Amino acid sequence: MLITFCGVRGSTPAPGAAYLRYGGNTSCVAVAHARGEAPVLALDAGTGLANLSGLLDGAAFNGTILLSHLHWDHSLGLPFFRAGDRDDARVTLLLPEQEAGQGGSGEVSAEGLLGRVMSPPFFPIRPGELRGSWEFAAISPGPHKAEGFTVEAREIPHKGGRTLGYRISDGRAVLAYVTDHCPTSYGPGPHGLGAYHEAAVELARDADLLIHDAQLTAEEVPAEAAWGHAAAEYAAGLAARAGARRVALFHHKPSRTDDELDAIGQRFAAGPVPVLVAAEGQSVEL
Ligand SMILES: [Zn+2]
Ligand SMILES: [Zn+2]
């Protein structure tokens, strides 16, 4: 499995000279079955989704976009995905099935739900006007298959809309994708950074790579955790507890400069699990 970080920011893009090394685009991770093969899975569709087009050597995207949830930083890249918006593209887009009262499947279709932000007067076109063959559907917690991968979805506490974490396997390597995670909403846990609850631990269990929300630092948790995110220290702690081989700190706070991210990475230099600070354009082979 080859994963490529196409966008690593949380909340809103971070353009500017202080953010060039780690990159300013919002959440998107491309997954290919092997190095040299075209990515067939996109995890989230933040502004980083535009970078996925550059990985396809001019070809159309033929695959699945799996959204963790519908917040802007995970969905607003959709209309700017050139490799998906062309006549020969084939795209399945899966988004978390909504709970009753939040635009659930009985109320609004997956396409209708996306269309709430992607339609006039907010945007010139609707999801159904993207070129190529697009299918929009909801995904629920449980086991699934997509593009030759097995995908286990579990509900993750966040804020403002249902959020899923994913465990993706090709039968050899395992990638856990747990972004936008507010573990303090399940209690303080052993270090005040949030609970190491069952869904998080099971998603990350023995994973070759855990990509995890690291919007905060431990010092910021008391004041800011209520906004729905986790600390880098929690991500490293979860990886250690679940037996993950590596952890990638992801969904960086938009104001976090390159130098500050370097310093956060240094905190874990002597830790039990190797920690990488995800950077836009970086690939990891599993
Ligand atoms: Zn986010
Ligand atoms: Zn979010």
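The structure presented is a predicted model; accordingly, all values stated were derived computationally and were not measured. First listed ligand is number 1; within each ligand, the first listed atom is number 1.
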One pair to check against side chain to side chain contact (heavy atoms under 4.5 Å, CB included): K253 and E220. What are the steps and the verdict? CA-CA 11 Å; K253 189 185 260 194; E220 292 167 342; 3.2 Å; yes

Other cluster members, L76 - Ile/Leu/Val/Met/Phe/Trp/Tyr, side-chain contacts below 4.5 Å: W72, V117

Do the ring centers of H144 and F149 come within less than 6.0 Å of each other? no

Within less than 2.8 Å, report the number of protein N/O/S atoms around the Zn ion (ligand 2). 4

Decide if atom CZ of R245 counts as having more than 12 heavy atoms of other residues, nucleotides or ligands within a radius under 6.0 Å. no

What's the spacing between L49 CG and R82 CZ if we round to 0.5 Å? 11.0 Å

May I ask you to check whether H181 and H212 place their ring centers less than 6.0 Å from one another? yes

